[in-house]
Novice: 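Before I ask anything, here is the structure I am working with.
Note that the structure is predicted; figures quoted are calculated from it, not measured. The figures here come from the full heavy-atom set of this structure, side chains too, leaving out hydrogens, waters and symmetry mates. Throughout, protein chains are lettered first and strands after them, A, B, ... in sequence-line order, and every chain is numbered starting at 1.
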Amino acid sequence: MSIISVHHLSKTYPVAVKQPGLQGTLRHLFKRTYHNVHAVQDVSFTIEPGEVVGFLGPNGAGKTTTLKMLTGLIHPSTGDIQVAGHVPYQRDRSFLQSITLVMGQKQQLIWDLPAMDSLRINAAVYGIEEREFRHRVGELVDMLSLESKLTQPVRKLSLGERMKAEVLAALVHRPQVLFLDEPTLGLDVNAQVSVRNFLREYNQRYGATILLTSHYMADITALCQRVMLIYAGRLIYDGGLENLLEKFAPYREVTVELGEQSASLSPQSLSDRLRSYGELETVEGCIARFMVHRDQLPTAIARLLADLDVIDLTVTDPPVEDVIGRVFQQGHVT
Amino acid sequence: MTTLFQGRRPWHIARTLMVVYYAYMLEYRAELLFWVLSGSLPLILMGVWVQAAETGQFALSSLEFVRYFFAVFLVRQLTVVWVIWEFERQVVEGTLSAKLLQPLDPGWHHFASHTAERFARLPLVIGMMVLFFLLYPAALWQPDLTNLGLGLIMTMLAFILRFLIQYTFAMFAFWMERAVAIEQFWFLLYLFLSGMVAPLEVFPPMVRSLVLWTPFPYLISIPASLIVGLPVNLTQAFLVTFGWIAIFWMLNRWLWHRGLKHYSGMGA
């Protein structure tokens, strides 16, 4: 049985519209006009227990609005949602006990106190016994490498430490379903890797279900086999990440290092020649990078090697970011 | 706050909230002194009324004015409320979301932080009281213990009522950009009708009997009058106070449930 099921979910907001200038201001004062923003439109999906799903979309696509509806923070305009057997916006105690949402680094920890004080409040609110609380905190501290940080005021922690402490506070009641909105935003590479590894371990250890949004594709590729793409409020793809890449990345990235003979050509004539092999991306010194359609790859490489003085040549899949970006530019998958 | 701790270890939750918020308030120990001093308006008004009493005919003597405004100072210190500023910021910035995700009504966090602040403020208030009587020993009096006890109970109820009123106004933050504006307008009425600027004894009898059906005098004047031993209709005082507490509680819960449907969690 699905742990999350969403059917024909929509959310529409009225937003006041104001024209610039004094005339617009006065008109806005006496007669406000509103237009409806369709933040989420007719979205349906199900998620099975233990799945880790990436939820991707450009800014304003409806990701956060969907997460807020799934966690019961906002009411849907239409449609049905069930999370862990509950209707989220009814905010039953057992529902709130079984979920968590992490959004940014300034959420639930009291800024001027050590994180441990906020954790104590959480333990009391969620009814966790002292011994069990100590055990869970110890376990999470180990997994997140947060030793000795919980007794320092939150404001004195680094961004990465604060984010980890927020994650810890959000998980101390050991929720079954985790909603994570940009959990690695603004973190350095080490902290990103650390949070990512922690989430993977948490998922494996407790069989938790995770729905994750992130602008860092490394988060998605490291954690998610399944992705959902939302664009302009509509779900445009729901399936395996590999399938998406295959389907939407018919190009391969070709990087060539040219020898002196070819590199000595004028930049203009070199660029013109390179364009005949594929879609030229960059030329930096003697290194050129371009995209070649999968079907034309053998011919293009054969011609390239015959025509130019090539020292080195590599063929790679394009970065996932580029693929997803291309999907969003197009606005649909099929 | 219909989800009143939802039946699970309420004392443990209340104690933990109090301990943590007490620690939180002590982080602002320097600011606390200024917050205490900012509540000195009654002491300034005391000077004005003592001068007036010496030159005119009033229901209270100059010494009674001194004691009354001293008690007003004390009641004000124990009933200061700022929940609307906190709640409005949480709604506008979307930080209310984190509290909504927990199985405890967010109102209890505010109530606990206000209550804990009383304890953090108390040593400073006692210090100011001692200083006051050292400077003006003639004002010192031995209060009747029953009156003092009733006055302190009434002060506690005044705090609960004041908190509920302001928290109810705070609910309008779900619909308005600045719910604080309501509080600022209300404060004008509170200033004059609560007995902070002038004791009810100097009001015209008709106005006084009308005002006694509003919540205002029960926020300052009645508890202060009890502390200094001025005559108070106790039955009316408790009935009206509990009545307004019940009205604002129901209004608060009604607005809360409606407001949540309106909440967009913006900014978070």
Novice: Please report the closest heavy-atom contact between B:Tyr21 and A:Ile110, naming both atoms and the distance.
Specialist: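 Smallest interatomic distance, heavy atoms only, reads CE2-CD1, 4.1 Å.
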Novice: Report yes or no: does B:Arg9 contribute a side-chain atom to a donor-acceptor pair with the main-chain N or O of A:Gly127 at less than 3.5 Å?
Specialist: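 No; zero donor-acceptor contacts below 3.5 Å.
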Novice: Between A:Tyr13 and chain B, with a heavy-atom cut-off of 4.5 Å, which part of the residue counts as in contact: side chain, backbone, both or neither?
Specialist: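 Interface part for A:Tyr13: side chain.
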Novice: With only heavy atoms counted, which part of A:Leu101 is less than 4.5 Å from chain B, the side chain, the backbone, both or neither?
Specialist: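 It is both, since atoms from each part get that close.
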Novice: How long is the straight-line distance from CG of B:Leu101 back to CG of A:Leu73, given to the nearest 0.5 Å?
Specialist: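 Spacing of CG (A:Leu73) from CG (B:Leu101) equals 4.5 Å.
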Novice: For A:Leu113 and B:Val20, work out which heavy atoms get closest and say how close.
Specialist: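 Scanning both residues completely, I find the closest heavy atoms to be CD1-O, 3.5 Å.
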Novice: What heavy-atom pair brings A:Ala124 and B:Ile13 nearest, and what distance separates the two atoms?
Specialist: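 Looking at all heavy atoms of both residues, the shortest contact is O-CG1, 3.4 Å.
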Novice: Non-hydrogen atoms of chain B under 4.5 Å away: do they reach the side chain of A:Ile121, the backbone, both or neither?
Specialist: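 For A:Ile121, backbone and side chain are both near chain B.
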Novice: Which is it for B:Tyr28 and A:Asp112 under the side chain to side chain donor-acceptor pair (under 3.5 Å) test, yes or no, and what are the steps along the way?
Specialist: CA-CA 9 Å; B:Tyr28 303 108; A:Asp112 293 314; 2.2 Å; yes
Novice: Heavy-atom distances under 4.5 Å only: say whether B:His109 touches chain A with side chain, backbone, both or neither.
Specialist: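 When you check distances to chain A, only side chain atoms of B:His109 fall under 4.5 Å.
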Novice: With a 4.5 angstrom heavy-atom cut-off, is it the side chain or the backbone of B:Leu260 that approaches chain A, or both, or neither?
Specialist: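 Both backbone and side chain.
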Novice: Nearest 0.5 Å, please: how far is OG1 in B:Thr95 from CE in A:Met103?
Specialist: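 Answer rounded to 0.5 Å: 10.0 Å.
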Novice: Could you tell me which portion of B:Gln102 (side chain, backbone, both or neither) has an atom closer than 4.5 angstrom to a non-hydrogen atom of chain A?
Specialist: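 When you check distances to chain A, atoms from both the backbone and side chain of B:Gln102 fall under 4.5 Å.
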Novice: Report the distance from atom CZ of A:Arg120 to atom NE2 of B:His12, rounding to the nearest 0.5 Å.
Specialist: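 That separation rounds to 8.0 Å.
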Novice: Please give me the minimum heavy-atom distance between A:Val125 and B:Pro103, naming the atom from each residue.
Specialist: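 Distance-wise, the nearest heavy atoms are CG1-CD, 3.8 Å.
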